[in-house]
Undergrad: 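Questions regarding the structure given below will be posed in turn.
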Amino acid sequence: VHFLDVSWYHKGERNGRQEYQQGPRIPGAWYWDMDDIATSRALFPDQNPKNLRVMFPAKSLIYATLQAMKIQTADPTLERDTSEDQ
């Protein structure tokens, strides 16, 4: 089983990456940062024609991110979002 911390905050002062790095977190968990893999207009002009800051990533970016984390698409994966914790 793979664990992903997918905490992301559109507005406000909270920062999901900083909270992940400071812990506590599940041992072996990865941090999935939507800003890191968002579909940019420069790389995917047809998928983000309005040049929005965060667009859901293209399948190819999701797949590449999972590969980097050594997660296969058939592997059981649990995601955790801490947005309601505080």
Side-chain angles (χ1 to χ4, degrees):
V1 175
H2 301 279
F3 297 98
L4 298 176
D5 183 333
V6 297
S7 302
W8 182 83
Y9 308 98
H10 179 64
K11 296 180 180 179
E13 295 182 22
R14 292 185 71 183
N15 181 302
R17 181 183 300 277
Q18 287 177 349
E19 291 180 16
Y20 167 79
Q21 291 171 338
Q22 293 170 355
R25 64 179 171 273
I26 297 170
W30 288 87
Y31 181 68
W32 178 282
D33 191 329
M34 189 60 106
D35 288 330
D36 288 348
I37 63 170
T39 302
S40 71
R41 183 177 183 183
L43 295 176
F44 299 91
D46 294 339
Q47 294 182 26
N48 191 356
K50 295 183 179 181
N51 200 27
L52 300 174
R53 185 175 73 84
V54 177
M55 282 294 290
F56 195 77
K59 288 181 185 180
S60 60
L61 293 176
I62 294 172
Y63 183 70
T65 302
L66 292 173
Q67 276 189 318
M69 295 176 176
K70 299 187 178 7
I71 298 174
Q72 302 298 315
T73 55
D75 291 348
T77 305
L78 299 172
E79 297 84 20
R80 182 173 192 280
D81 176 351
T82 60
S83 62
E84 298 298 324
D85 285 358
Q86 294 182 359

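All residue numbers refer to positions in the sequence shown, counting from 1.
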Undergrad: So, taking the atom named CD1 in I71 and the one named NE2 in H2, what distance separates them when rounded to the nearest 0.5 Å?
TA: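 Interatomic distance, I71 CD1 to H2 NE2, rounded to 0.5 Å: 5.0 Å.
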Undergrad: Can you give me the closest heavy-atom contact between W32 and I62, atom names plus distance?
TA: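 Answer, listing the atom of W32 first, then I62: CH2-CG2, 3.9 Å.
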Undergrad: Between D5 and S7, is any side-chain donor less than 3.5 angstrom from a side-chain acceptor?
TA: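 A donor-acceptor contact under 3.5 Å links the two side chains.
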Undergrad: Rounded at 0.5 Å granularity, tell me how far CH2 in W30 sits from CG in L66.
TA: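 Taking CH2 in W30 and CG in L66, the distance rounds to 10.5 Å.
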Undergrad: By side chain to side chain contact (heavy atoms under 4.5 Å, CB included), which residues pair with I26, not counting sequence neighbours?
TA: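 If we apply the side chain to side chain contact (heavy atoms under 4.5 Å, CB included) test to I26, skipping adjacent residues, the hits are F3, A29.
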Undergrad: Who are the side-chain hydrogen bond (donor to acceptor under 3.5 Å, both in side chains) partners of D33, not counting sequence neighbours?
TA: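 Checked D33 against side-chain hydrogen bond (donor to acceptor under 3.5 Å, both in side chains); matches are R17.
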Undergrad: Considering all heavy atoms of both residues, which atom of L61 and which atom of A38 are nearest to each other, and what is their separation?
TA: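 Where L61 meets A38 most closely, the heavy atoms are CD1-O, 4.1 Å.
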Undergrad: Hydrophobic side-chain clustering at under 4.5 Å (ILVMFWY, transitive links): who's grouped with Y20? Put none if nobody.
TA: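 Same cluster as Y20: Y31.
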Undergrad: With sequence neighbours left out, what residues match N48 under side-chain hydrogen bond (donor to acceptor under 3.5 Å, both in side chains)?
TA: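 side-chain hydrogen bond (donor to acceptor under 3.5 Å, both in side chains) list for N48, sorted by chain: empty.
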Undergrad: If you look at every heavy atom in Q21 and R25, which pair is closest and at what distance?
TA: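 Looking at all heavy atoms of both residues, the shortest contact is O-NH1, 3.4 Å.
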Undergrad: Quick one: pull up OG1 in T77 and CE in M69 and give me the separation to the nearest 0.5 Å.
TA: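 Here the rounded value is 10.0 Å.
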Undergrad: Please list, chain by chain and in numerical order, all residues satisfying side-chain hydrogen bond (donor to acceptor under 3.5 Å, both in side chains) with Q67, sequence neighbours excluded.
TA: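 Listed in chain order: Y63.
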Undergrad: Can you tell me which residue pairs pass the salt bridge (Lys or Arg N to Asp or Glu O under 4.0 Å) test with a partner in residues 55-73, sequence neighbours excluded?
TA: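 Every candidate salt bridge (Lys or Arg N to Asp or Glu O under 4.0 Å) pair involving residues 55-73 fails, so no pair, neighbours aside, qualifies.
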